[in-house]
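Data first, discussion second: the structure below is written as structure tokens.
Both backbone and side-chain heavy atoms feed into the values below; hydrogens, waters and symmetry mates do not. Every chain is numbered from 1, with letters handed out A, B, ... down the list of sequences. These figures come from a predicted structure and were not determined experimentally.
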Protein chains: 2
Amino acid sequence: MLHAAALTYFREVARARSIRRAAASLNVAASALNRQILKLEADFGTPLFDRLPGGMRLTTAGELLLRHVSETLHDFDRIRAEIDDLKLARSGHVSIAAVDSLLVDFLPRAIDRFRADFPAVNYTVTAVGPTDVVQMVAAGEVDFGFTFVSGTPASVRFLAEVPAPIGAVMRADHPLASRLVVSLEEASSYPLLTQTGPLPRASEVDPAFAAFKDALTPRLMSNSIQMLKLAIMLNMGVAFFTRLGFLSEIEAGTVAWRPMASPGINKLRLGLLAPSARAMSPPAEQLARRLADGLSRLGNEGAGYMSGSF
Amino acid sequence: MLHAAALTYFREVARARSIRRAAASLNVAASALNRQILKLEADFGTPLFDRLPGGMRLTTAGELLLRHVSETLHDFDRIRAEIDDLKLARSGHVSIAAVDSLLVDFLPRAIDRFRADFPAVNYTVTAVGPTDVVQMVAAGEVDFGFTFVSGTPASVRFLAEVPAPIGAVMRADHPLASRLVVSLEEASSYPLLTQTGPLPRASEVDPAFAAFKDALTPRLMSNSIQMLKLAIMLNMGVAFFTRLGFLSEIEAGTVAWRPMASPGINKLRLGLLAPSARAMSPPAEQLARRLADGLSRLGNEGAGYMSGSF
DNA sequence: GGTGCGCGTTCTCATTTCGGCAACGAGCGA
DNA sequence: TCGCTCGTTGCCGAAATGAGAACGCGCACC
């Protein structure tokens, strides 16, 4: 309905190489078709078809136009399908499992932006350990998950990934913040704040980092990121997290994040995890797509900035 | 006129972010615009704009649609310009200068196919030596030229190029035709047919080939390709030409063309040469474009076949 | 707290466009 | 010559479109 009927008329006449045959397959009168074709040719000022006894054949100009018309109609079908997806996604429910460092900042902000376009969607967000995320996605208990990339069963797949190295997190006026990269030795001379409970696989990935943490006694240990975050703000010491848990504080300039000079730790990646077989619900599909876009944009900016644009 | 007015209406409303402003700049009534927008939203079953006090803003679905509409209208402008070019090119005159080996087969066949779409175009085709082609194009004596690629003045440019190595040409049942590649030694044991007059730059490009030709006494020398072609058909010996002069005979299976095992000779290229500054006449423009397409297609097929399709 | 302004929207009416039907002339094959 | 199919045209009713005036609403200014 967006596009003039003349488009499909023209395309069908070109395909059928006959006005009357096209009229039959379109269920319209041949005269109507003919008039549209004649009007097009008058508009362009040049014939679009050669009239042969027994039918019509496209001229060169007609072939040019047919290409345009076909592309337009095809592209329109695609757009309409996308809009239909959006319609279905306007209300519903999405359940997500993620490692808790993402629930502090990244995921709530993403969901909030998503809410603007999909106001009637409800959410269930569960914080679990990295390996549990994979299990819950595989079991279909959640629509998708958000965790560190590692070997995964065939029943799940990664929609997007982004490098998420562990780095040193501290108040912006902490002495270590003046370093662009923090070595393990430098960090060991300051009080540390460490998280307990299910950990990202940093220790498996980077033996040097694991040994470093084992050798020291932290000033504060907690399984609550909020607790640790407050300790950082009180300048109690240095913690080790992915940047994504502190994007807004980093943006505001209140805390600093610095990469670590330890090889394996910089290979860590966060990924958006979905069941490989089952189709997601429409709103979950949309949110997952937008998160995937945002992630890959984060990735393209290297270890760059967080633009609030997704 | 091809496309529904709704397209430009929608685009302008999105641009102006207001129905009334869009109506003013389109010189239509706001009520008409409004009805089209409402109809679109009814068709899609979803709002395309958010109604804010003070104007309208696209929804997510609206942004999707705007992208489609913009692309469609932009592409349509392009197509219409191309069709206008075709209209202008329907009659007129085209003058071409080319090395004569192309006038035997390649160029006449190309012009014949072109005639089907541009029946009222007249042609002047001049056979000259390779370097004269460049001079005539530079001097503006012809619309474009067709010759071997070499260093050219800035006043001309190549629209397309295709590898055109010199090879051995002989009757299909000639003993040499059983070889896939012909070495200079093999060729020297058979009677040779050579062309006199302005030659392609084979001798400059490939000293080995030049020495080879100088060392032997050909059975037949002529400046007429027709003469040489007849000699080939009478199995008088082996000649050395680009494939393009014998495309139809090769296709028909009456003569064979085999590449030479000599390095420099396989680097020869044929090119379509046009004045760099002056615009060509519309029909010349069209023919040149089609020849360029055909040439690059020939090139993409490697040393492949001649499909009669351009 | 009016009041004016700009916004999208709705209603009515004249105009234009579109599609269906029947008929015509041309080309082609039996 | 007849019969068939082709594109095309005239005529008529139906549907879509646009112009203009009016309505309800939110907002800023006095």
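For DNA chain D, the contact window with chain B, defined by any atom under 4.0 Å from a protein heavy atom, covers D/dT17 to D/dC27 in 5' to 3' order.
Between A/L52 atom CG and C/dG27 atom C1' there is a gap of 12 Å when expressed in whole angstrom units.
Not a single ring-ring contact (aromatic ring centres under 6.0 Å, His included) links B/Y9 to another residue, sequence neighbours left out. Partners of B/F114 according to the ring-ring contact (aromatic ring centres under 6.0 Å, His included) rule, which considers only residues two or more places apart in sequence or in another chain, are B/F118. The side chain to side chain donor-acceptor pair (under 3.5 Å) check on B/E71 picks up nothing, with sequence neighbours excluded. Qualifying ring-ring contact (aromatic ring centres under 6.0 Å, His included) partners for B/F44, counting only residues two or more places apart in sequence or in other chains: none. Not a single ring-ring contact (aromatic ring centres under 6.0 Å, His included) links B/F144 to another residue, sequence neighbours left out. Judged as a side chain to side chain donor-acceptor pair (under 3.5 Å), and not counting sequence neighbours, the contacts of B/D117 are A/T60, B/R290.
Using a 4.0 Å cutoff on non-hydrogen atoms, no part of residues 55-67 of chain A comes near DNA chain C. For residues 23-39 of chain A, proximity to DNA chain C is found at A/N27, A/V28, A/A29, A/S31, A/A32, A/R35, A/Q36, A/K39, defined as any non-hydrogen atom under 4.0 angstrom from a strand atom. Using a 4.0 Å cutoff on non-hydrogen atoms, the parts of residues 3-21 of chain B near DNA chain C are B/S18, B/I19, B/R20, B/R21, ordered by number.
Here the OG-CG distance, from A/S101 to A/L107, works out to 10.5 Å after rounding to the nearest 0.5 Å.
With axes fitted over five pairs at each extremity, the angle between the ends of the helix from C/dG1-D/dC30 to C/dA30-D/dT1 is 20° (10° resolution).
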Show every donor-acceptor pair shorter than 3.5 Å between a side-chain atom in residues 62-70 of chain A and any protein atom, with sequence neighbours excluded, or say none if there are none.
| residue | atom | partner | partner atom | Å |
| --- | --- | --- | --- | --- |
| A/H68 | ND1 | B/D75 | OD2 | 2.7 |
| A/H68 | NE2 | B/H3 | NE2 | 3.0 |
| A/S70 | OG | A/L66 | O | 3.0 |

